[in-house]
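Any value given below was found using the heavy atoms of this structure, including those in side chains, with hydrogens, waters and symmetry copies removed.
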Amino acid sequence: MIALSTDTDAPSVALTITTSDYHTAGEPFRIVHGDAPVPQGATVAERRVAAQHNAADADRIRQFLCQEPRGHADMYGGFIVPANDSGAHFGVLFWHKDGFSTACGHGTIALGVWATDTGLVASDPNGVTEVRIDVPSGRVAAFVERRNGTLVRATFRNVPSHVIERGIPVATSRGDVRADLSFSGAIYASVRAADLGLSVSPAHYTELIAAGREIKAALTHTAAAQHATDSRLSGVYGTILWEDLGTGHTPADPVRSRQRNVTVFADGEVDRSPCGSGTGARVALLAADGTLPHGATLEHRSIVDTVFHARWEPATTTISPSSSSSSSSSPIIPEVTGTAFHTGEHQFVLDPNDPVGLGFVLR
């Protein structure tokens, strides 16, 4: 698919945007800070709606940074915007090739590392620094651990997450399957890859994308995928195609669940990491069915074999954040641990006479 920007999309003057780029477990995250557009709104959630529907500048800069020749079909990033209040260090509008998302765990990990790398948040060189971030789905945190100033790990603590509904029948071109819906800042559909005749491997990359898009399209407008209290969080954001790798045992974690997944999100984008918010959605399912007891660890691997480790804590809220299905579970707080690394400082330029303009998407 090719989507070319029209001449009217291109600004009449030159455009220059500076970014700091990171990757978390192989998934890119492009941070726009000093030059970031700030759409109107009292909260990050409101700014996201404005960016999607009203703020042309924000959407054009998203396209400019995400599309080829400056980005690619699986690019990801965010605009730094003001926090909702003084309880957070900053806010962020997450974006990808198809628009603006409500949640991003790998991005939160990258933002925590970036904020402590740059001194935006004062970092303990021999301890853990909490970076609080307002995102469209709520307030999240990255706990960045350093030893002698060197990054050890960063843990993403997500919003309350829970099971919505299990065993939803879905007809696909590869046969009928059953999907589990869960919420972790966004709604995800989980389907066992083997039920589609696939494995989570680069060899099945094209087929996994096609299956993920099909399942999302089948479920996103169903009643189960409508958020009960905030319509801005409705719809299936991504499909998690997973496989079980067995249970491991270590002295620290007597019960360790091991899985591999690929998350196909937005319109066919593939997460190279194990997906931070998607891992939270898996943790909600595994906690509810007893596969991942409190205190145990999920070893979650990606399609490129990078790893997140995840645990959960009970949520203090008693209000279900999404569908009131009979399958709905008590909410938990997922904690997803990984690392992020700085990949570059970039200055992207648009010549107003460039006929390619803001770029294109080639899949």
Side-chain angles (χ1 to χ4, degrees), residues 17-36 65 75-83 86-94 103-135 139-159 250-253 256 271-277 279-280 295 297-302 304-313 333-348:
I17 299 290
T18 300
T19 72
S20 297
D21 282 32
Y22 282 70
H23 85 85
T24 305
E27 177 72 357
F29 195 76
R30 180 162 286 168
I31 303 168
V32 187
H33 36 92
D35 300 314
L65 294 172
M75 193 64 205
Y76 211 105
F79 299 140
I80 302 301
V81 297
S86 60
H89 293 102
F90 54 88
V92 62
L93 292 177
F94 298 121
C104 179
H106 91 275
T108 300
I109 289 172
L111 287 163
V113 175
W114 164 77
T116 54
D117 277 349
T118 60
L120 179 65
V121 177
S123 177
D124 184 344
N126 282 292
V128 177
T129 302
E130 180 181 3
V131 180
R132 297 179 299 279
I133 307 169
D134 283 333
V135 307
R139 181 162 293 167
V140 299
F143 295 84
V144 183
E145 181 179 352
R146 296 179 186 272
R147 187 176 300 125
N148 297 323
T150 300
L151 177 68
V152 177
R153 61 182 66 88
T155 297
F156 158 53
R157 179 178 290 169
N158 204 0
V159 298
T250 70
D253 298 307
R256 178 191 290 266
D271 200 322
R272 274 72 174 144
S273 82
C275 187
S277 53
T279 296
T297 299
L298 168 65
E299 179 186 291
H300 213 205
R301 292 186 172 271
S302 74
V304 296
D305 208 36
T306 53
V307 184
F308 286 159
H309 294 99
R311 297 186 178 214
W312 61 272
E313 294 294 333
I333 302 293
E335 296 183 347
V336 181
T337 299
T339 52
F341 296 94
H342 191 200
T343 60
E345 296 290 313
H346 302 139
Q347 188 176 77
F348 294 99

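Minimum heavy-atom separation, Gly87 to Arg132: O-NE, 2.6 Å. The nearest pair of heavy atoms linking Arg157 to Ile333 is CG-CG2, 3.5 Å. Smallest separation of non-hydrogen atoms from Ser302 and Pro274: CB-N, 3.5 Å.
Summarising the geometry, atom CZ belonging to Phe29 is positioned 4.5 Å from atom CG belonging to Leu111; distances are rounded to the nearest 0.5 Å. Remark: Phe143 CZ to Thr108 OG1 distance equals 12.0 Å, nearest 0.5 Å. Summarising the geometry, atom CG belonging to Leu298 is positioned 13.0 Å from atom CH2 belonging to Trp312; distances are rounded to the nearest 0.5 Å.
Ring geometry, Tyr22 versus His342: the interplanar angle falls under 30°, so the pair is classed parallel (tilted spans 30 to 60°).
Between the side chain of Thr24 and the main chain of His106, a donor-acceptor pair closer than 3.5 Å is present.
Residues Ile109 and Thr339 form no side-chain contact, since every pair of their non-hydrogen atoms from C-beta on lies 4.5 Å or further apart. Between His23 and Arg272, every side-chain heavy-atom pair lies at or beyond the 4.5 Å cut-off. Within the 4.5 Å cutoff, no side-chain heavy atoms of Leu65 are placed close to those of Met75. Using a 4.5 Å heavy-atom cutoff, the side chains of His309 and Arg256 are in contact.
With sequence neighbours excluded, the residues satisfying side chain to side chain contact (heavy atoms under 4.5 Å, CB included) with Ala83 are Ala88, Asp134. With sequence neighbours excluded, the residues that form a side chain to side chain contact (heavy atoms under 4.5 Å, CB included) with His33 are Ser20, Ile31, Ile80, Trp114.
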* To do: Take Glu313 and Arg311 through the salt bridge (Lys or Arg N to Asp or Glu O under 4.0 Å) test and state the conclusion after the steps.
  => CA-CA 7 Å; Glu313 294 294 333; Arg311 297 186 178 214; over 6 Å; no
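With 3.5 Å as the limit, one finds a donor-acceptor pair spanning the side chains of Asp21 and Thr19.
Identified under the salt bridge (charged side-chain N to carboxylate O under 4.0 Å, His left out) test for residues 116-127, with sequence neighbours left out: Asp117-Arg146.
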